[in-house]
Amino acid sequence: MQHITRIVLLVLANLLLGAAILIFAIGFFPHKVSLPGLAEWSAHHAADLTAAPFDKVIFMVVDALRSDFVYGNASNFHFTQSLIRSGAAIPFTGHASPPTITMPRVKAITTGSVPSFLDLVLNFAESDTTSTLSTQDSWLAQLKAKPGAKLVMYGDDTWLRLFPEFFERADGTTSFFVSDFTEVDNNVTRHIPEELANDDWSGMIMHFLGLDHIGHKTGPRGPNMPAKQHEMDRIVKQIYEAMEVEPHLKSSLLVLLGDHGMNEAGNHGANSAGEVSTALTFISPRFKSTFEGLQSPSKDFEDFKYYDQVDQSDVAPTLAALLGFPVPKNSLGTLIPKFLALWSSEKERYDLLYQNARQIQQVAYATYPEAFDAVSCEGHNTLSDLQKLACYWAEIEDIYKSPPNSRDALNEEMLKIQVFLKEAQSQLSGTASKYDLDKMYIGLITSLVALLLSISISGAALLSNAFCGLVFAFIGFSYAFTMFASSYVEEEHQFWYWVSSAWLISLAIKQQRIDAKDVGALTASGSVVVCALFGVMRRWNQTGQKYAGEADLVTDVFQKRPLVLWTLIFLTYSTISRRLRKRPAELGMKQMTVIPVLVAASAFLFKVAFTAADAPELLKGVVILKPVLDFANRYSLISLARIVFMGLGNLAVTALYYERPWVSQREKASCLETMHAIMSLFLITQTRTVNIPLFLIFHLQVKLLQNSRSLQPLELLITMLLLQYSSFFAFGGTNAISSVDLSNAYNGVGGYNIHAVGILTFVSNWAGPIWWASATACVLSRNTASSPGHSHFDYFGVLTIFASVGILAVMAACTILREHLFIWTVFSPKYLYMMAWTFVQHMVVNGSFSGLITAGG
Amino acid sequence: MSSTLINILPETRHVPAAQRLLQPKTNAIPLLQSDAARYYSYAHTVQLLAYYYLRSGALVSDPLPTLIQDLIPLAITQCLFCAICLPSVGNWSSGTNAGELIKGSASAGGVKSHKPGAGTPKKKLGVSGVGKSSGKPASAADASKDAGGSWSSRLLPTILALMLSFLMPPVPLMALALILGAPLYPTNLLPHTLALATHVSLLATLPIFYTHGVSAAAWKDVSAAWLPFDEAGVWAGTVGAMVGGWFGAVPIALDWDREWQKWPCTVLWGAVLGWGIGRSLTNVLRLGIGRRIDLSVTEYIPSEVEKSDAEEQKKND
């Protein structure tokens, strides 16, 4: 009975924890008001509709096109640079606000809004129609709304997911393998001549991925970069020449831009100067008559700020003006003032700016109705910034009703509107003022309650071993403390490595206090080897921000000597298949020993074939794998992955049937071990090739620890907790969004299946922690089977205490530091990671393994 | 190939083996009973802390040469401390019957015959080193009255201890530092790590070599962190240097962009500071003398039922 009460209370504590996380998130992450429907011209405007300079747009997105790639001295965009010199191309540096990843940036560019941080989460969940842009206003929707207008799209299929059924003709490219530098682009390029000949579209979108892939693989100065830039430049030339001669392209506009930049390591996601500075060039032969050429190539700038600075959200209102449609409803962008020169009369320019201001005022009104409704503009000093904005708008509106006729007065008024636009943009893009502190406090208090509850349920377990209890408290407090230091959030691995290595050394010291005669001196020295293996593991991948890109074992050893890597990988696979092969033999079914071997072999085959596509440099010079590769190449990667998954599923079901875990503790322990081996094969399948030998290291660590001494439950728990976190970082994980590894997220998935991809993404990023949870379950279950004293240890309760401490600390840090410069770049991503750690790793993974151990115990 | 390679991997053991706790053998190291010894033991702590403080600027601007140069004053002061304040091996009741240093180092076999734990009856289960010293402080104090011996007789042990602490522990300590996160890349920092390990070795092991020699039983206790804290501040200094060095790594990861955050400045300072704190607590404040570090290690002896179960299973396997 008491046992049941504890379980109920523990579940309650976890539910509270989950509720706390969600409530806090709602208060913390800015909620954007989004107006439905398409924008329309105001009635006033319709009377003197001005002719737009352009009627077609060719929108050429080159993924990760940093400003210096086009404008700098080292650039290979020679033709584009000649256009800048002649005045036919108007260059800008487009500021991409973080998160600098493709989906949120495409949203910003097309709708003009600043994507909320939650869009980042949706980046991976972008499939159901509610979160697409099909119902939101964008320049695509406006263009399409014109009578007879058609859109075509070639390239990154993000666009197809964001704008379902928008395109007359489309050919989406999925960015499966970053090692693909050419196919992804050829897939776009081959459509260009044909589409340039068609005259039925009014918008053509192209999104080239190759340059981004080169960046990810080899950095901004990689050997393939100049050639790729040249290739992109040739496409600009091809289109520009068609624009000059083809009559139906006479009034078309080419926009060449990057969705985000890249840092010196070739990655993106955060807010360094390289990541946020993109090239943004408007090109048309017609510009030559209005604009003077600019110097190009320009001298290089450290901060990547070339020519005029504009925001990427300015693209939407600018296109609206240039192509003659209303500014998309939720846009926070401002019309780039330079283009006003294309309209000859002051009246038209004034009207364009007014339309832009009116639209942005509507967004402001929807966001802060109270500031605009009750506006009394007396006594400017006491007004808030928002009220000042409202007053400013009231003045503009007044004058617009009876506009002045003189040119000077109009010019003055236009300056005024531009000030309003800039002010409104900064007010609305800023999010600091929009925290819902009440919800954040409720979240904090709820998680505190969850912490106290879990301590009251399971705190006693911490007293079972004085030293371990102290260590656990130390880990909890110091981890909570590091959450307040932005560098320790960025370098979280340092904390875990620091504690884990000391902990493993303390285990080795304890081993010295035990008589080695009972286990043998060699086995007793295993705990020292465990420490040494940890030293290897922590150097496998260089992670974090401060030393990112510096040498590690992967770059310094394995990429230079792939044969060593493949030997270790082969050893890892055979270790697991040996365990799986042994089991049927033990159970007296010799004929079944062949099945695990076949499954392991197919998994290895898949890994080789996958590596050939994902990281071909790892197979260079490994002659021994050539026949394997030739064989694997006969099948598609998707079917190979499916064969592996089916084989693993088959093994799992067979194991369940023959191991009969429900019979006794011993059967259960044995079943868990078999399942652990099957799970290991699955995790390896979801792991990047260079990281596979880490599983061999983990395997050795567990075996050596298990053999040297029977660890106390609390010792085992701390070891597991520390290694779950350490292994996450050893695989290359960080607290930055850019390090989410998607390379294995599509294994065996044909289309875009949100659930499958979501699960595979989690598994491939949390492979280490999942492995350690499973391994600990085996050890615990084996201990329970052999000495009953272990069975009532409150494994999940203690983990809940730790999870609550972590969450409470992250929440407190996000609340206290909400005005901190790094809140959106360091602390918010940490919060998202914490959500994944808690909801999936803690509640699902650790929760189910503890459930398995306790069940029937 | 695969099967031979795989057989290296250890087998799963189905029943946990028995684990019997050993007993610590070492006694607390006494401080020699003269005023000179007592005052010098205080002065020694202050003087080394002050020296490292004064050299901190040089360490930051020019780490490796400073580290190497500073080994000389460190070695001299540590030797003086040993010679003035501590009884040399064989001249006090260390608990491990190690004999004199010279004898001990000459014949390791002689030491080995005193097998740890051999013949010691286990009194009760579940004994952890709960702050009990198995040594007898009274007899240790008696021994230390004239344990210093003549100055010339202290010279040889001092030199031998110095040589041993230079030669033996630095490489294992360097391995320890690497496990704890000393940089492997860039590889040109490895000499720094070795120099750091030598500093720690002189701070933490030289006095132990001087007092315990190369007694296997004593060093077994050292590796188990099981020496009792002593009034001379030797063991607390050792523990303090290790823990302090560990804490010294904390500031390195911060984004303050200070020159002194580079390897191995903060770790060395942490080790020295920890050494100083440990010494002050035991040598000056006399806290916890005679107590040992409790790591809550528990004893486990399988019952007869479990043993028979295990054997049965072995047959089945």
Side-chain angles (χ1 to χ4, degrees), chain A residues 465-469 485-488 490-491 494-495 497-498 501-502 504-506 508-515 517-519 523 526 531-532 534-535 538-539 542 544-546 550-553 556 570-571 574-575 578-579 586 666 673 699-700 703-704 706-707 709-710 712 782-783 786-787, chain B residues 1-3 5-7 9-22 24 116-117 128-129 175-176 178-181 183-187 220-226 242-243 246 249-250 252-256 293-303 306 309-310 313 316-317:
Chain A
N465 184 310
F467 176 71
C468 295
S486 65
S487 8
Y488 263 109
E490 284 176 341
E491 311 288 314
Q494 301 284 16
F495 172 78
Y497 292 168
W498 180 69
S501 51
L504 292 176
I505 287 169
S506 88
I509 289 175
K510 287 189 202 180
Q511 186 74 46
Q512 301 302 313
R513 297 189 174 189
I514 302 287
D515 198 339
K517 275 194 314 232
D518 297 317
V519 286
T523 320
C531 298
F534 186 84
R538 69 187 290 161
R539 293 189 172 79
Q542 181 66 263
Q545 305 290 315
K546 195 173 174 179
E550 287 187 13
D552 51 29
L553 288 179
D556 199 61
F570 187 71
L571 205 56
S574 23
T575 309
R578 172 172 171 270
R579 156 75 206 168
E586 282 171 5
R666 180 172 293 164
E673 273 164 21
H699 177 80
L700 284 172
K703 289 296 162 200
L704 291 170
Q706 203 180 354
N707 289 347
R709 188 160 66 89
S710 163
Q712 288 292 298
R782 182 60 76 186
N783 285 356
S786 56
S787 58
Chain B
M1 178 190 79
S2 69
S3 66
L5 281 170
I6 290 154
N7 285 332
L9 306 178
E11 278 290 311
T12 321
R13 185 184 303 274
H14 286 218
V15 164
Q19 45 188 46
R20 290 184 185 78
L21 263 185
L22 299 170
S128 51
L176 188 71
L178 283 169
I179 288 171
L180 286 164
L184 182 65
Y185 299 107
T187 41
K220 172 89 183 163
D221 274 6
V222 171
S223 71
W226 227 349
M242 296 296 172
V243 176
W246 182 60
V250 172
I252 297 178
L254 294 168
D255 62 352
W256 296 347
I293 297 172
D294 178 9
L295 291 174
S296 312
V297 187
T298 43
E299 193 157 70
Y300 167 76
I301 292 160
S303 64
E306 285 169 330
D309 270 10
Q313 192 152 8
N316 292 345
D317 289 354

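Just the heavy atoms: all of them, side chains too, but no hydrogens, waters or symmetry mates, feed the values below. Each chain gets a letter, A, B and so on, in the order the sequences are listed, and its residues count up from 1. Computed from a predicted structure; not experimentally measured.
Looking at A/Leu553, both its backbone and its side chain come within 4.5 Å of chain B, counting heavy atoms on both sides.
Of the residues considered (A/Glu491, A/Gln494, A/Arg538, A/Gln511), A/Arg538 shows the highest number of contacts with chain B, using heavy-atom pairs under 4.5 Å.
Taking CD1 of B/Ile252 as the reference point, atom OG of A/Ser487 lies at 13.0 Å (rounded to 0.5 Å). To the nearest 0.5 Å, atoms CH2 (A/Trp498) and CG (B/Leu180) are separated by 10.5 Å. For the atom pair A/Ser506 OG and B/Leu295 CG, the distance stands at 7.0 Å (nearest 0.5 Å). Note: B/Leu184 CG to A/Asp556 CG = 8.0 Å, rounded to the nearest 0.5 Å. Taken to the nearest 0.5 Å, the CD atom of A/Glu490 stands 11.0 Å off from the CG atom of B/Leu254.
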TODO: Carefully, step by step, assess B/Val297 and A/Arg709 under the rule side chain to side chain contact (heavy atoms under 4.5 Å, CB included).
DONE: CA-CA 11 Å; B/Val297 187; A/Arg709 188 160 66 89; 4.2 Å; yes

- [ ] Any chance you could lay out the side chain to side chain contact (heavy atoms under 4.5 Å, CB included) test for B/Leu178 and A/Arg539, step after step, and finish with the verdict?
- [x] CA-CA 10 Å; B/Leu178 283 169; A/Arg539 293 189 172 79; 4.0 Å; yes

- [ ] Take A/Ile509 and B/Trp226 through the side chain to side chain contact (heavy atoms under 4.5 Å, CB included) test and state the conclusion after the steps.
- [x] CA-CA 9 Å; A/Ile509 289 175; B/Trp226 227 349; over 6 Å; no

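Minimum interatomic distance between A/Ile514 and B/Thr298 (heavy atoms only, all atoms of both residues): CD1-O, 4.3 Å. Contact detail for B/Ala249 and A/Tyr488: the closest heavy-atom pair is O-OH, 4.4 Å.
A/Asn465 places a side-chain N or O within donor-acceptor distance of the main-chain N or O of B/Ser296, the cut-off being under 3.5 Å. With hydrogens and angles ignored, the 3.5 Å screen pairs no side-chain donor or acceptor of A/Arg513 with any backbone N or O of B/Pro24.
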